[in-house]
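Below, all heavy atoms of this structure are taken into account, side chains as well, without hydrogens, waters or symmetry copies.
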Amino acid sequence: MLILAIILFGMVAGALAQMVLGQSMRDVNWTIAIVTGLLGSFVGGLLASLLAGDGLELRPSGLIGSFVGALLLTLAWGWYDKRRA
């Protein structure tokens, strides 16, 4: 059940990151949302939680770090995609 919750939160964080960057809800690429959300949650959430001294518990610092990580990865993905085309 925890794995499903992590995947769902990663998908939501990735979708929110895409919407913040100007895409509408129907234009969200769900594959990219899941990948950037999970990676962003892992990297950003882990770093933010450890830097804030919260450890590996579910805290607001980790949730904010997850969103920021997903946002940065979505920006990097978009930059790479435009450069490649």
Side-chain angles (χ1 to χ4, degrees):
M1 191 60 116
L2 179 64
I3 300 290
L4 290 175
I6 290 170
I7 291 170
L8 181 65
F9 180 74
M11 184 174 63
V12 169
L16 283 174
Q18 287 183 25
M19 286 191 282
V20 165
L21 294 175
Q23 292 184 354
S24 67
M25 186 63 173
R26 64 175 172 229
D27 294 334
V28 169
N29 184 336
W30 291 104
T31 305
I32 294 173
I34 291 172
V35 171
T36 59
L38 288 176
L39 291 175
S41 291
F42 179 71
V43 174
L46 180 66
L47 285 176
S49 290
L50 292 177
L51 288 174
D54 292 334
L56 297 177
E57 296 182 21
L58 184 62
R59 303 282 180 168
S61 60
L63 296 175
I64 293 168
S66 297
F67 175 69
V68 170
L71 188 65
L72 291 174
L73 283 173
T74 303
L75 276 170
W77 192 300
W79 175 81
Y80 174 75
D81 209 23
K82 285 180 185 177
R83 187 170 176 114
R84 190 178 65 177

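- Cluster partners of Tyr80, using a side-chain heavy-atom cutoff of under 4.5 Å among ILVMFWY residues and allowing indirect links, are Trp79.
- The minimum heavy-atom distance linking Ala15 with Trp30 is given by the pair CB-CZ3, 3.6 Å.
- The shortest non-hydrogen separation linking Ala70 to Gly37 is CB-CA, 4.0 Å.
- Hydrophobic cluster membership of Trp77, counting Ile, Leu, Val, Met, Phe, Trp and Tyr whose side-chain heavy atoms lie under 4.5 Å apart directly or via other members: Ile32, Val35, Leu39, Leu73.
- Residues that satisfy the side chain to side chain contact (heavy atoms under 4.5 Å, CB included) test with Leu21, not counting sequence neighbours, are Leu71, Thr74, Leu75.
- With sequence neighbours left out, Arg83 forms a side-chain hydrogen bond (donor to acceptor under 3.5 Å, both in side chains) with no residue at all.
- Not counting sequence neighbours, Asp27 has no partner by the salt bridge (Lys or Arg N to Asp or Glu O under 4.0 Å) test.
- For the pair Gln18 and Ala33, the tightest heavy-atom approach, listed with the atom from each and the gap, is NE2-N, 3.4 Å.
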